[in-house]
Student: 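Quick one: the structure is below, and I'll ask about it shortly.
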Amino acid sequence: MEALQKEGSRPDTGPAAGLPAVRFDGTRVAFVIKNNPYVAVERADLEVADGEFVSIVGPTGCGKSTLLNIAAGLITPSAGAIEISGKPLKGLNRQAGYLFQADSLFPWKTVLENVAIGLEVANVGQQAARERAHGWLKRVGLGAFTDRYPHMLSGGQRKRVGLAQVLIRDPKILLMDEPFGPLDAQTRQIMGNLLLDLWSADKKAVLFVTHDLEEAIALSDRVVIMAAGPNSRIIGNWKIDLARPRDISDIRLEHRFHEIHREIWTKLKDEVMKGYSQAGGEG
Amino acid sequence: MKRLGLISAQLGVAVVLLLLWHVLTTMPWGAGGKPLVPPFFFSTPLDVIARIHKWFSEGTIWRHLWITLTESALAFVIGSVAGVLVGFWFARQPLIAAIFDPYVKMVNALPRIVLAPIFTLWFGLGIASKVALGVTLVFFIVFFNVYQGVREVSPTVLANARMLGMNERQLMRHVYWPSALSWMFSSLHTSVGFAVVGAVVGEYLGSAAGLGYLILQAEGTFDIAGVFAGMFVLAVFVLVIDGLVTLVERRLLVWRPTAADTHK
Ligand SMILES: Nc1ncnc2c1ncn2[C@@H]1O[C@H](COP(=O)(O)OP(=O)(O)OP(=O)(O)O)[C@@H](O)[C@H]1O
Ligand SMILES: [Mg+2]
């Protein structure tokens, strides 16, 4: 662990070429609630190739965040395997950057300190770390907010600080849980395009969770649909053959975009309704 | 309410109470031309003010104030340091915490006053026994808060810290420590208050100097004006210290959400 820390912002990837960056192999997750097992994810089989952008879409409670937690090494599967660059994941995934769904900024650090901390703990000097953090904050449109504390930001601003916090470390694998959830449509597109720029400049493997199917299609190489929980599975896996580079606002006007959207939505709609009634909603 | 209005209302309360006290203890409205309330037992505001004035003009009070301040400060610092260290240790070592849990509760339930004579026996009549008493009070407040602060770090913040590459030592410094400190500072008023209580009670139960000693001396000679004067000096002393704590708190907890952040 110490050794990895010292190597700087991105740990060595080793002889991983050709192997998928992330591979779920028959991964099953069961939680224990009051001594009863609750199977959140029955079986997930999914590969994210090096440099591939994969989105997971599914009804609320289907286990999207759970899959990201598995890929991050924060929880271990009940059965099946999780491999990172061909090696079974033990402990935390040191190659991954994780943007959490819930608030995860350090409330006692300023926005600038929050972004710089990932470099500082990797032994980048404070001065240099803060300069780079400033650059990142400008990129996410928060250059004027560096001295604020997280509680003084809006939900969307906090998400963007989180984005900068993760991206500044330049992780090889990006795990993002509804990063643009609380943003308005315009900012969403700006951030989406920013993400695509960064991603295409140096191909990271991205596992992106969203509720917004259009966003998923516009951003991704592949869109994966999960069934409603419990006992959720992956029920669809679409390759998105839209040309790159993309502008995510323009691409929504293309004919092919609508075709793909209709195809996936037909499947997703049933699942959303099923998920709602299974969780005890009126239907 | 505006700040000035608030202060004048607060002063108004003091003026009314003092006037009432003055009238009841000096005006010959009672049976046989005596005041309604006997000044022998209740003194009078003017006597008390004269006594306070005498203490300050002769300069005798400063030594007592200084002693009480020293005792309170030492009790606060030693109790806080010990509380932080043990609180951290217990929070990071659940087994240790579980083993000592009943003992911590037992000692905490003990009224500290019963310890005062023992401390006098052990540490003598000087300031050490008062500091010891204050430490037993401050320690538990800080200890419980730090313990809580370390254990109640948001799991997501902790997971984020780990994902950002922090090792155990860095987690301590950037996550557990700030969280524990924020809990400790939120109890700063209480722990500082208890440090003063420990000092004064200790002095009261046996000493040769300090505000508690001053009050005890006056009581011994039925000098009620002296008792009230001692109580007032103590009260103002506590107010000043509390004001300082508020200043420190504002600086240290800037990152905390507060209700009234809007511009008026
Ligand atoms: N620690 C846990 N203990 C017990 N059950 C859990 C735990 N974490 C998640 N679950 C359950 O697992 C299921 C999947 O949760 P998860 O957070 O992965 O959903 P999600 O797909 O991310 O939903 P959303 O879109 O609302 O964020 C849910 O039914 C949830 O109640
Ligand atoms: Mg989720």
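Because the structure is predicted, anything quoted here is derived from the model rather than measured. Each chain gets a letter, A, B and so on, in the order its sequence line appears, and its residues count up from 1. What you see below is based on every heavy atom in this structure, not just the backbone, and it leaves out hydrogens, waters and symmetry mates.
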Student: Please, which pairs that meet ring-ring contact (aromatic ring centres under 6.0 Å, His included) have at least one residue in residues 113-141 of chain A, sequence neighbours excluded?
Tutor: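 Not a single pair qualifies under ring-ring contact (aromatic ring centres under 6.0 Å, His included).
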
Student: State, yes or no, whether a side-chain contact exists between A:K109 and B:H174 at a heavy-atom distance under 4.5 Å.
Tutor: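 The answer is yes; the side chains approach within 4.5 Å.
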
Student: What do you reckon, is CZ of A:F53 surrounded by more than 12 foreign heavy atoms closer than 6.0 Å?
Tutor: yes

Student: Which residues from residues 175-187 of chain B are near chain A, with near meaning under 4.5 Å between non-hydrogen atoms?
Tutor: B:V175, B:P178, B:S179

Student: More than 12 heavy atoms of other residues, nucleotides or ligands under 6.0 Å from CZ of B:R151: yes or no?
Tutor: no

Student: With side chains defined as the heavy atoms from C-beta onward, is the minimum distance between B:N160 and A:Q165 less than 4.5 Å?
Tutor: yes

Student: Which residues in residues 75-105 of chain B have any heavy atom closer than 4.5 Å to a heavy atom of chain A?
Tutor: none

Student: Can you give me the closest heavy-atom contact between B:L164 and A:V121, atom names plus distance?
Tutor: O-CG2, 3.6 Å

Student: Working to the nearest 0.5 angstrom, can you tell me the gap between A:L74 CG and B:M163 CE?
Tutor: 5.5 Å

Student: Count the heavy atoms of every other residue, nucleotide or ligand shown that sit under 6.0 Å from CG of B:L247, and state whether that count exceeds 12.
Tutor: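 Atom CG in B:L247 is crowded, with more than 12 foreign heavy atoms closer than 6.0 Å.
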
Student: Applying a criterion of heavy atom separation less than 4.5 Å, what residues of residues 98-107 of chain A form contacts with chain B?
Tutor: A:Y98, A:F100, A:A102, A:D103, A:S104, A:L105, A:F106, A:P107

Student: Find the distance between CE (B:M166) and CG (A:L92) and round it off to the nearest 0.5 Å.
Tutor: 12.5 Å

Student: What pair of heavy atoms forms the shortest contact from B:R162 to A:R94, and how long is it?
Tutor: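 Result for this residue pair: O-NH1, 3.7 Å.
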
